[in-house]
Amino acid sequence: MRIGSRPDPWKRGPVLAALALLLGLLMLLHAKIPNGSGGLGSLVETFLPWFGLCIPVLLAGALWRRSASAVVALLLPVVVWLNLFGGLLGDKSQPDSDLTVASHNVGADNLQPASTARELAASGADVLALEEITAQAKPLYEKELAKAYPYHAVLGTVGLWSKLPLSDTRPVDIEQDAGPLGDTKSAEVKLAYNRALRATVTTDHGPLAVYVAHLGSVRVTPRTGFWTDSRDRNAQALGQAIAAERNERVVLLGDLNGTVGDRALDGITSQLHSVQDAAGDGFGFSWPASFPVARIDQILVRGVEPASSWVLPATGSDHRPVAAGISW
């Protein structure tokens, strides 16, 4: 009697089926999640790839319950996840490139700046961007990188080292100071904590505009939720600067404190595309260095072709360096 009264497989696990459908709809409609107070939309988009881990958990529950309805419902999140991220799973890199670029948030609390610099020099990058350079560590980076990179510029907390000549180097105003107080500060004072620069790299194929940027930090707190005010303001200003760039060939290197899927970076990502998406192998997570869960260190380009993209080994920083090969 008990066997005969067991629910039909299509009627078992209704909760699991509902959770599977909700998961699929969440990933499918993530852009519709409001991003007002609390920044929930950006928070979801930052960690959206990890929602895929819910799929095998729900599948295990569906198999344990022998629920046909839950298994079928799981097709929705599987299809959505593969549509969003399936293209990142294969290796799209090409063996040759014309120029290698790299970027690293070296970390203000890095206790090994000299060894970090030596590791970066050994990477073979032709153009190297550093973010979060402190006044104390700056001489060490300049000393250790001098042999490999004859040309360099440091403006505030960001710097660019190059094996090729640099020119037209200038700070980029990404609105670090908001409100009337910022207007009272002199250019010299602002330069001390400047977080973005623009330079022209002279290549055999013509001039290349290179931007280095470190956008504002984000915070998750009980009171404000996902706080991104300064990051979002910086992103909008940087997007405007790139829109005004006359050079057709542009590379943006830096810690943007956001993934390319975060809507707050639309002003930037609508103009430039990710080398990792185009020519990488996997997600290319870069932060935190001990166990990367998000790619917030970006290399974005226009007017050049991404040939390869990879993440370099950890240094003394809490970020991992990222590198890419580009071609004309």
Side-chain angles (χ1 to χ4, degrees), residues 42 46 101-108 120 125 127-134 138 141 152-162 166 168-178 182 190-201 208-218 228-245 247 249-276 284 286-287 294-304 309 317-324 326:
S42 284
T46 298
V101 298
S103 177
H104 189 28
N105 180 329
V106 291
L120 293 172
V127 177
L128 171 66
L130 301 186
E131 305 88 46
E132 212 166 287
I133 303 171
T134 65
K138 176 186 172 183
Y141 289 117
H152 88 281
V154 177
L155 297 179
T157 64
V158 293
L160 186 65
W161 276 259
S162 176
L166 296 177
D168 194 22
T169 303
R170 61 179 184 269
V172 176
D173 182 9
I174 57 171
E175 299 184 8
Q176 280 296 111
D177 296 294
K190 291 181 179 181
L191 185 60
Y193 54 87
N194 174 70
R195 292 168 68 123
L197 65 80
R198 185 261 186 217
T200 298
V201 177
L208 175 69
V210 176
Y211 286 77
V212 182
H214 181 196
L215 303 189
S217 298
V218 300
T228 63
D229 290 5
S230 63
R231 190 277 307 271
D232 295 352
R233 184 176 68 250
N234 296 163
Q236 183 176 8
L238 180 60
Q240 292 171 351
I242 294 172
E245 174 60 53
N247 196 327
R249 295 169 175 168
V250 178
V251 174
L252 169 60
L253 306 164
D255 173 7
L256 303 189
N257 270 308
T259 67
V260 293
D262 190 329
R263 70 191 72 175
L265 302 187
D266 284 352
I268 299 171
T269 55
S270 62
Q271 305 180 70
L272 310 174
H273 55 278
S274 166
V275 296
Q276 183 65 28
S286 63
W287 177 88
R295 184 181 177 89
I296 62 175
D297 301 277
Q298 307 292 351
I299 301 178
L300 308 177
V301 301
R302 83 173 183 215
V304 295
S309 177
S317 171
D318 58 338
H319 292 244
R320 292 195 181 189
V322 294
I326 59 174

I242 and L272: CA distance, side-chain angles, deciding distance, side-chain contact (heavy atoms from CB on, under 4.5 Å) verdict: CA-CA 9 Å; I242 294 172; L272 310 174; 3.7 Å; yes
Criterion side-chain contact (heavy atoms from CB on, under 4.5 Å) on L256 and L300, from CA distance to verdict: CA-CA 11 Å; L256 303 189; L300 308 177; 4.0 Å; yes
L252 and L238: CA distance, side-chain angles, deciding distance, side-chain contact (heavy atoms from CB on, under 4.5 Å) verdict: CA-CA 10 Å; L252 169 60; L238 180 60; 4.1 Å; yes
CA sep, side-chain torsions, deciding dist, call: R320, V322, side-chain contact (heavy atoms from CB on, under 4.5 Å): CA-CA 7 Å; R320 292 195 181 189; V322 294; 5.9 Å; no
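Between G216 and N234 the shortest heavy-atom distance is N-OD1, 2.8 Å. Taking every heavy atom of both residues into account, V201 and V210 meet most closely at CG2-CG2, 3.6 Å. Closest approach of R231 and N257 over heavy atoms only: NH1-O, 2.7 Å. Residues L197 and A153 approach most closely at CD2-O, 4.2 Å, considering heavy atoms. Annotation for D173 and A237: closest pair O-CB, 3.8 Å, computed over non-hydrogen atoms. Nearest heavy-atom pair, S162 versus L166, reported as atom, atom and distance to 0.1 Å: CB-CD2, 3.7 Å.
Here D255 pairs with N105, H214 under the side chain to side chain donor-acceptor pair (under 3.5 Å) rule; sequence neighbours left out. For S286, the side chain to side chain donor-acceptor pair (under 3.5 Å) partners are D297, not counting sequence neighbours. Checked against salt bridge (charged side-chain N to carboxylate O under 4.0 Å, His left out), R302 has no partners two or more places apart in sequence or in another chain. For the salt bridge (charged side-chain N to carboxylate O under 4.0 Å, His left out) test, no residue two or more places apart in sequence or in another chain qualifies with E175. Evaluation of the salt bridge (charged side-chain N to carboxylate O under 4.0 Å, His left out) rule for R195 yields no partner, not counting sequence neighbours. Looking at residues two or more places apart in sequence or on another chain, you find a side chain to side chain contact (heavy atoms under 4.5 Å, CB included) between A125 and T100, A102, S123, Y149. For D232, the side chain to side chain contact (heavy atoms under 4.5 Å, CB included) partners are T228, A264, not counting sequence neighbours. In this view, E245 and R198, Y211 satisfy the side chain to side chain donor-acceptor pair (under 3.5 Å) rule, not counting sequence neighbours. Scored by the side chain to side chain contact (heavy atoms under 4.5 Å, CB included) test, Q276 finds S274, R295, S309 as partners (sequence neighbours excluded). With sequence neighbours left out, the side chain to side chain contact (heavy atoms under 4.5 Å, CB included) criterion links A196 to V172, I174, A213.
The CD atom of Q298 lies 7.5 Å from the CG atom of L265; values are rounded to the nearest 0.5 Å. Within the model, atoms OH of Y141 and OG1 of T134 stand 7.0 Å from one another, a figure rounded to the nearest 0.5 Å. One finds the CG atom of L253 at 10.0 Å from the CG atom of L130 (value rounded to the nearest 0.5 Å). Rounding to the nearest 0.5 angstrom, the gap separating the CG atom in L215 from the CD1 atom in I268 is 5.5 Å.
Between the Q271 side chain and the G239 main chain, a donor and an acceptor come within less than 3.5 Å of each other. A donor-acceptor pair is defined here as one N or O able to donate and one able to accept, closer than 3.5 Å; no such pair exists between the side chain of H104 and the backbone of E131. Checking side-chain atoms of S103 against main-chain N and O of G254 turns up a donor-acceptor pair under 3.5 Å. A donor-acceptor pair under 3.5 Å is formed between the side chain of T157 and the backbone N or O of N194.
Note on ring orientation: taking the six-membered ring where Trp is involved, the planes of H152 and W161 are parallel (angle under 30°, cut-offs 30° and 60°).
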